[in-house]
Protein chains: 2
Amino acid sequence: MKRHALIFGLVGGLLIATLQYTEYRFVVIEHSVELYGALVAILFASFGIWLGLRITRGRETIRETVVIREVPVAAEAFAPNVAQQQSLGITARELEILTLIARGFSNREIATQLFVSENTVKTHCARAFDKLGAARRTQAVQRGKELGLLP
Amino acid sequence: MKRHALIFGLVGGLLIATLQYTEYRFVVIEHSVELYGALVAILFASFGIWLGLRITRGRETIRETVVIREVPVAAEAFAPNVAQQQSLGITARELEILTLIARGFSNREIATQLFVSENTVKTHCARAFDKLGAARRTQAVQRGKELGLLP
DNA sequence: CGCAAAATCATCCGAAAGGATGACGACAAC
DNA sequence: GTTGTCGTCATCCTTTCGGATGATTTTGCG
């Protein structure tokens, strides 16, 4: 995707350059601004369409990938990454709440399971999210898995 | 498809009209042609991109090359469980939103990425959650992984 | 063409989640 | 005995989610 942005910028710059060069012959012909603008518009519109098509072509390619028959692999025992946990300063309780979040429980359900108040759960959540740099619980779960904190 | 052309023409015409009208204040300011052109270029480029995306939207689903290849699951290879997806009646778009949810994006972020409104995302969410029997997005993600719909 | 399935967008409303902040007790370490 | 960490709980407020529902548009297909 970054490649597209690059191409975009390049073509844009080139066009601007061409603009400045060709401007002199255009100032001679009065009332050519509309024509000029229309030309640029058409050019860039086509370019945009091309870009759009190109972007989505990538999406199609992904969908065309072969269907792979899944062979269930033995789920290895999960070893929580204690190093990561400690380096982030995540406490055991916070991790406990994180795993329950990952299992899809709501704050209330977690509170019930752990015999604490919902407020407490929210506090742990907030602290854990902060340490993980997450803004949402789904994001926290994603980060947690990345860091090997969650199975 | 004709509708797009119509919109295109309309916007184009409007722009040209605006051009003629605003030309007078532009001729006063010299050397503003490049700026002017750049503006039009950006506008039409964005429009073109949008159009391109729109035209090719939804084409991803048609192709489904069913080449069954047995692979001893080498960690990264993820094969979306098409059978499960279809038996649950989950559409491609819904699954797409689900994967973005699993990555920790908010509805708003998803809407931005997919060029749709937040309301649309919420609708897809609601349908997907219903089909998965989930009440929360975290639960939906958990279910999705269980069923082999998500990596 | 006409139909059905998807996809899109909207509005209203209540519930859930998140941010900020303060407070209190338990317990270990210095 | 002071200090620091952890777990607990609370309040206030904002944002985000989710449910219900209806409408329109696109698209695929017979």
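A note on names: the letters A, B, ... follow the listed sequences, proteins ahead of strands, and every chain is numbered from 1.
At a threshold of 4.0 angstrom between heavy atoms, the contacts of A:S117 are confined to the sugar-phosphate backbone, with no base atom among them. Backbone-only contact: B:N107 has heavy atoms under 4.0 Å from sugar-phosphate atoms and none from a base.
When the P atom of D:dA20 is taken as reference, atom CZ of B:F129 falls 13 Å away, rounded to whole Å. The separation between B:N119 atom CG and C:dA7 atom C1' is 13 Å, rounded to whole Å. Spacing between atom CG of B:D130 and atom C1' of D:dC17 amounts to 16 Å, rounded to whole angstrom units. Between the CD1 atom of A:I110 and the P atom of C:dA16 there is a distance of 13 Å, rounded to whole Å. As rounded to whole Å, 11 Å separates atom P of D:dC17 from atom CD of A:Q139. Rounding to whole angstrom units, CG of residue B:L114 and P of C:dC9 are separated by 10 Å. In this structure, CG of B:L132 is placed 17 Å from P of D:dC17, rounded to the nearest angstrom. If you take CZ of B:F115 and P of C:dT8, they are 12 Å apart, rounded to a whole angstrom.
Here A:R137 reaches the OP1 or OP2 of C:dG18: one of its side-chain N or O atoms lies under 4.0 Å away. Contact annotation: B:R136 does not reach the phosphate of D:dG18 (side-chain N/O to OP1 or OP2, under 4.0 Å). A sub-4.0 Å separation between OP1 or OP2 of D:dG7 and a side-chain N or O of A:T123 is absent.
Considering NZ of A:K122 and CD1 of A:I110, their distance stands at 12.5 Å, rounded to 0.5 Å.
Closest to the B:K122 side chain, of the nucleotides D:dG18, C:dT8, D:dC6, is D:dG18. Across D:dG18, D:dC17, C:dG19, the shortest atom-to-atom separation from the side chain of B:S106 is found for D:dC17.
Put simply, the side chain of B:R93 and the base of D:dT26 share no donor and acceptor less than 3.5 Å apart.
Judged purely by distance below 3.5 Å, without hydrogens or angles, the side chains of B:T123 and B:T120 never pair a donor atom with an acceptor atom. Residues A:E146 and A:Q142 have side chains that bring a donor and an acceptor to within less than 3.5 angstrom of each other.
Residue B:T91 is the one, among B:T138 and B:T91, whose nearest nucleotide of DNA chain C lies closer to the 5' end (criterion: closest heavy atom).
For the side chain to side chain contact (heavy atoms under 4.5 Å, CB included) with A:L100, the qualifying choice from A:L114, A:V121, A:L95 is A:L114, the only one to do so.
Looking at A:E94, its side chain never comes within 3.5 Å of a backbone N or O of A:H124 through a donor-acceptor pair.
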